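This report refers to the structure that appears directly beneath it.
Order of appearance sets the numbers: ligands from 1, and atoms from 1 within every ligand. Residues: numbered from 1 along the sequence shown. Bear in mind that the values here come from a model prediction, so they are computed numbers and not experimental data.
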Amino acid sequence: MKPIQVGLLGIGTVGAGTFNVLKRNQEDIRRRAGRGIEVTMVAARNTERARSVTGDGVQVVSDPFAVVNHPDIDIVVELIGGYELSRELVLQAIANGKHVVTANKALVALHGNEIFAAAQEKGVIVAFEAAVAGGIPIIKALREGLTANRIESVAGIINGTTNFILSEMRDKGLDFATVLAQAQALGYAEADPTFDIEGVDAAHKLTIMSAIAFGIPVQFDKAYVEGISQLQAVDIRYAEQLGYRIKLLGITRRTTTAAGEGIELRVHPTLIPAARLIANVEGAMNAVLVHADALGVTLYYGKGAGAEPTASAVIADLVDVTRLATVDPSGRVPHLAFQPNQMSDVAIMPMADITTSYYLRVHVQDQLGVMADLTRILADGNISIDAVLQKEPGNQTDIDIIMLTHQTQEKSIDAAIARIEAMPAVIGKVTRIRLESLG
Ligand SMILES: NC(=O)C1=CN([C@@H]2O[C@H](COP(=O)(O)OP(=O)(O)OC[C@H]3O[C@@H](n4cnc5c(N)ncnc54)[C@H](O)[C@@H]3O)[C@@H](O)[C@H]2O)C=CC1
Ligand SMILES: N[C@@H](CC=O)C(=O)O
Ligand code: NA
């Protein structure tokens, strides 16, 4: 059988990684797929630079639609990023009866429902393993490996750039801008790094995992998203003194409240007990913790960003598509794990209804009775305190009071914070960071 023909859209970090790994491991890949996989066409903005990666024998064009509309191309690999042009290209490829592989989490999180419906209709496959946690096979694990289980929660460090920034700032005392520049140079960051820093990229990935874990449509617009840009070094230090690490965590879980059943979908900086494995995931590494009823807890750890780690997932999808589409068409798996007519309409919960623990830092004038007032406000809201730390940042009159609470609802802590901020002795805003014990 002649090799399946692949067209690459974009040959930047991931595109070049994909091209190189496919070439390097072509013989093993052919044996696994049951057929050779060959990149025969590439669309690139800078065709000269693209040729320096591909060498001769590959058609390099500047118009990505020329690839998508080419009759000889069997699989389109979308690696240009963004969600408007890429949406058009992917839908056009599907309309042309081509299978698609993409690493683009923004695209899947925003337009996944439309894209999967079009693919289903046309009988083609859209594969996106590289879109979540880079090379870690988490989509496959959730969709296939855990298929016997009722999944209760998925929590993870799923943005390499922010984890790298937090690790380097803490370990080397480097400033934010310097470490971000390093993450960009290493190929970890998105084209617009605010997607990383503000938690948007992690929320894209979490949205996709939530859909697969719980059999719901992708609903990025319902995600709560808070990044690391407001995080202060002082809170990282205090958290350490209390035995915690602060990580940008994505959490999605089933929850039942008085209002009924719902799904939490949230990304925010989170205190995690320092002894937990996931608290020790450093640099650009990713880790995803899944609680499932039959299997229990599993942890998936590995490189979530970078050229070849991401290429590893892109090529795994190429092999799957090659097998399923042309070698053994019997074994198709639904795009979001559940059959399209079996999707649940359980709602994403408002953030006010979620329950978690909190780290609070209150900057106060050191007056008699302040501590009593703080504890009374928390007690009024039925919020119990787990630990308290009092710090004098350097002058005698102002102090930081740090409190860790037991679990409470977000709306209760918000109400308590509003009352605390209204206390005459309190200076500025209360710093609030959510805390998960992840036991
Ligand atoms: N870099 C990483 O570690 C990871 C990236 N991803 C995703 O993979 C995708 C690609 O990311 P990178 O390779 O890092 O980006 P990149 O910026 O290095 O590469 C994108 C390439 O697409 C080209 N391009 C843009 N518009 C084009 C157009 N209209 N026609 C032809 N070429 C065009 C650009 O010139 C560039 O060479 C993104 O969706 C990203 O979110 C996913 C996992 C990890
Ligand atoms: N910018 C992303 C790249 C991989 O998805 C990250 O830093 O994790
Ligand atoms: Na992955």
Item to check | Polar protein atoms (N, O or S) that approach the Na ion (ligand 3) to under 3.0 Å | outcome: E129 O, E129 OE2, V132 O, G134 O, I136 O
Checklist entry - Considering only heavy atoms, which of G187, A189, A305 lies nearest to atom 1 (N) of ligand 1? => result G187
Checklist entry - How far is atom 35 (O) of ligand 1 from its nearest protein heavy atom, and which residue and atom name does that atom have? => result R45 CB, 3.6 Å
Next on the checklist: If the cut-off is 4.0 Å to any non-hydrogen atom of N159, which atoms of ligand 2 fall inside it?
Outcome noted: 2 (C), 6 (C), 7 (O), 8 (O)
Item to check | S210 side-chain N/O to L206 backbone N/O, donor-acceptor pair under 3.5 Å | outcome: no
Checklist outcome for this item: Near P64 (heavy-atom distance under 4.0 Å), the atoms of ligand 1 are 30 (N)
Checklist entry - Which residue holds the protein heavy atom closest to atom 10 (C) of ligand 1, what is that atom called, and what is the gap in Å? => result L79 O, 3.4 Å
Checklist entry - Which atoms of ligand 2 have any heavy atom of K205 under 4.0 Å away? => result 2 (C), 4 (C), 5 (O), 6 (C), 8 (O)
Checklist entry - What atoms of ligand 1 come within less than 4.0 Å of a heavy atom belonging to A44? => result 31 (C), 32 (N)
Item to check | Distance filter under 4.0 Å to A189 heavy atoms, resulting ligand 2 atoms | outcome: 1 (N)
Checklist entry - Given that the side chain starts at C-beta and the backbone is N, CA, C, O, which of these parts of A191 lies under 4.0 Å from ligand 1, counting heavy atoms, or is it both or neither? => result neither
Checklist entry - Among protein heavy atoms, which lies nearest atom 8 (O) of ligand 1, and at what distance? => result A103 CB, 3.5 Å
Checklist outcome for this item: Note: heavy atom closest to atom 13 (O) of ligand 1, options V14, I11, T47, T18, belongs to V14
Checklist entry - Does ligand 1 have a heavy atom under 4.0 Å from the side chain of A307, from its backbone, from both, or from neither? => result neither
Next on the checklist: What protein heavy atom lies closest to atom 5 (O) of ligand 2? Include the residue and the distance to one decimal.
Outcome noted: K105 NZ, 2.5 Å
Next on the checklist: Please compare K205, K303, E190 and report which has the shortest non-hydrogen distance to atom 40 (C) of ligand 1.
Outcome noted: E190
Checklist entry - Should R253 and S153 be marked as a side-chain hydrogen bond (donor to acceptor under 3.5 Å, both in side chains) after you check the CA-CA gap, both sets of side-chain angles, and the distance that decides it? => result CA-CA 4 Å; R253 69 159 71 99; S153 68; 4.8 Å; no
Next on the checklist: Counting non-hydrogen protein atoms only, what is the nearest one to atom 3 (C) of ligand 2? Give residue, atom name and distance.
Outcome noted: Y188 O, 3.2 Å
Item to check | For atom 24 (N) of ligand 1, the protein heavy atom that lies nearest, with its residue and separation | outcome: I80 CG2, 3.7 Å
Checklist outcome for this item: atom 3 (O) of ligand 1: closest protein heavy atom, distance to 0.1 Å, is G306 N, 2.7 Å
Item to check | Shortest heavy-atom approach to atom 2 (C) of ligand 2 - which of Q184, K303, E190, H204 | outcome: E190
Next on the checklist: Looking at D196, is its backbone amide N or carbonyl O close enough to the side chain of T162 to form a donor-acceptor pair, meaning the two atoms are under 3.5 Å apart?
Outcome noted: no
Item to check | E410 vs R432 side-chain heavy atoms within contact, under 4.5 Å | outcome: yes
Checklist outcome for this item: min-distance protein heavy atom vs atom 8 (O) of ligand 2 -> G160 N, 2.7 Å
Next on the checklist: Heavy atoms only: which of I158, T161, V132, N163 lies closest to atom 7 (O) of ligand 2?
Outcome noted: T161
Next on the checklist: Distance alone, cut at 3.5 Å: any donor-acceptor contact between the side chains of D72 and Q5?
Outcome noted: no
Next on the checklist: Assess whether a salt bridge exists between R31 and D28, defined as any Lys/Arg side-chain N lying under 4.0 Å from an Asp/Glu carboxylate O.
Outcome noted: yes
Next on the checklist: With heavy-atom distances below 4.0 Å as the criterion, list the atoms of ligand 1 near A130.
Outcome noted: 42 (C), 43 (C)
Checklist outcome for this item: Under 4.0 Å between heavy atoms, the region of D201 that gets near ligand 2 turns out to be side chain
Checklist entry - At under 4.0 Å between heavy atoms, which part of L85 makes contact with ligand 1: side chain, backbone, both or neither? => result side chain
Checklist outcome for this item: Heavy-atom proximity to atom 21 (C) of ligand 1 ranks first, among G82, A50, G12, S62, for G12
Checklist entry - Going by the order shown, which atoms of ligand 1 are within less than 4.0 Å of some heavy atom of T310? => result 3 (O), 4 (C), 42 (C), 43 (C), 44 (C)
Item to check | atom 15 (O) of ligand 1 [closest protein heavy-atom partner, distance rounded to 0.1 Å] | outcome: T13 N, 4.5 Å
